[in-house]
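This report refers to the structure that appears directly beneath it.
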Amino acid sequence: MVQVIPAQNITLAYLKENFALEKSEDQQFFTEWFDSLPEISELEKQYLDRVKSNHLSLFETTPLLAEAVKMVVLSPLLDLAGFYRYPFHIATEESIEISETIMINPEESVETAKEIIKGKIDVLVIQNKLWILIIESKRSSFSLAKAIPQALTYMIAAPTSDYPVYSLIMNGEYFQFIKLIKQNKAVIYALSDRFSLYRRENELYKVLQILMKLGKSFS
């Protein structure tokens with residue numbers, strides 16, 4: 001018996017139970033998002049100021065869906081971070097699949113079923129080491145936290161197990177980075193702070209700096 005589960009329906013509880021997912025509370029586990037970030041130029045800051053202004057102006061008219069967020073916010077960030085140039089590559093709407101065998105009757109251990117998790121990543125960058133997930137919402141109150149289990153599912157599906165995997169989740173208003181490492185039989189992850197387009201300072205500066213740092217570590 002095979003059950004197909006859409007990735008967007010996966011919960012943190014499911015990942016903890018089936019993939020030994022653990023959240024690290026050690027600040028040193030994920031220093032990449034705050035330690036020794038590269039400087040960005042005044043010209044890059046001016047460009048990001050315009051990106052922020054464009055987004056806020058458009059959002060006043062109508063909430064931006066995923067395709068608009070890609071065009072208005074994400075594409076400039078990837079360009080400035082250098083992800084459109086060698087050795088990086090971009091794939092969109094990339095399909096993922098994870099198979100998990102479960103016991104129907106654990107006490108008797110005689111029958112198994114297979115669960116298959118399927119989904120598509122909006123943007124996949126850097127040889128399966130950085131995943132970018134855009135969550136579209138028609139409500140500004142949409143919680144970015146709902147994207148975390150889906151992003152972690154994609155990261156667990158990454159073919160590499162020897163290196164950390166990173167993800168950026170965003171909904172057009174907020175941004176958050178995730179780091180995941182597979183250690184022995186455990187899967188450990190941690191979250192960065194959440195960055196917002198609605199704070200007085202332009203937090204796209206910090207998002208770009210983190211992307212640039214991750215890019216340098218992969219090149």
*Could you go step by step and tell me if Asp35 and Lys213 meet the side chain to side chain contact (heavy atoms under 4.5 Å, CB included) rule?*
CA-CA 10 Å; Asp35 186 42; Lys213 181 170 182 177; 4.2 Å; yes
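- Taking the side chain as every heavy atom from C-beta outward, Leu77 and Leu48 approach each other to under 4.5 Å.
- Across all non-hydrogen atoms, the minimal contact from Phe83 to Gly215 is CE2-CA, 3.5 Å.
- Classification of the Tyr166-Phe30 ring pair by plane angle, with boundaries at 30° and 60°, yields tilted.
- The two residues Ser167 and Met155 make their nearest non-hydrogen contact at CB-SD, 3.4 Å.
- Atom CD1 of residue Ile169 and atom CG of residue Leu191 lie 7.0 Å apart, to the nearest 0.5 angstrom.
- The backbone N or O of Asp49 lies less than 3.5 Å from no partner atom in the side chain of Ser53, so there is not a single donor-acceptor pair.
- The main-chain N or O of Ser192 is found under 3.5 Å from a side-chain atom of Gln176 such that the two form a donor-acceptor pair.
- Ring pair Tyr198/Tyr174 is tilted by interplanar angle, where 30° to 60° counts as tilted.
- Scanning both residues, Tyr189 and Phe29, for their nearest heavy atoms gives C-CE2, 3.9 Å.
- Rounded to the nearest 0.5 angstrom, Gln46 CD and Asn202 CG are separated by 12.0 Å.
- Atoms NZ and NZ, on Lys23 and Lys16 in that order, are 8.5 Å from each other to the nearest 0.5 Å.
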*Please assess Lys206 against Leu37 for the test side chain to side chain contact (heavy atoms under 4.5 Å, CB included), listing each intermediate value before the final yes or no.*
CA-CA 8 Å; Lys206 191 70 172 288; Leu37 295 177; 3.1 Å; yes
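- For the atom pair OG (Ser24) and NZ (Lys179), the distance works out to 9.0 Å, reported to the nearest 0.5 Å.
- Scanning all heavy atoms of the two residues, the minimum distance from Ser196 to Glu203 falls at N-OE1, 2.7 Å.
- Here the side chains of Leu211 and Phe177 are in contact, with some heavy-atom distance below 4.5 Å.
- The side-chain heavy atoms of Leu152 and Leu12, taken from C-beta on, include a pair separated by under 4.5 Å.
- Environment of CG in Asp26: crowded, with over 12 heavy atoms of neighbouring residues, nucleotides or ligands closer than 6.0 Å.
- Using a 4.5 Å cut-off on side-chain heavy atoms (C-beta onward), Trp33 and Phe195 make contact.
- Minimum interatomic distance between Met212 and Pro38 (heavy atoms only, all atoms of both residues): CB-CG, 3.8 Å.
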*asked:* If you apply the rule side chain to side chain contact (heavy atoms under 4.5 Å, CB included), what do you find for Ser75 with Tyr84, and how did you get there?
replied: CA-CA 9 Å; Ser75 184; Tyr84 293 148; 3.1 Å; yes
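- Among Leu208, Leu204, Leu80, the single residue meeting the side-chain contact (heavy atoms from CB on, under 4.5 Å) criterion with Ile40 is Leu208.
- Across all non-hydrogen atoms, the minimal contact from Lys52 to Leu197 is CE-O, 3.0 Å.
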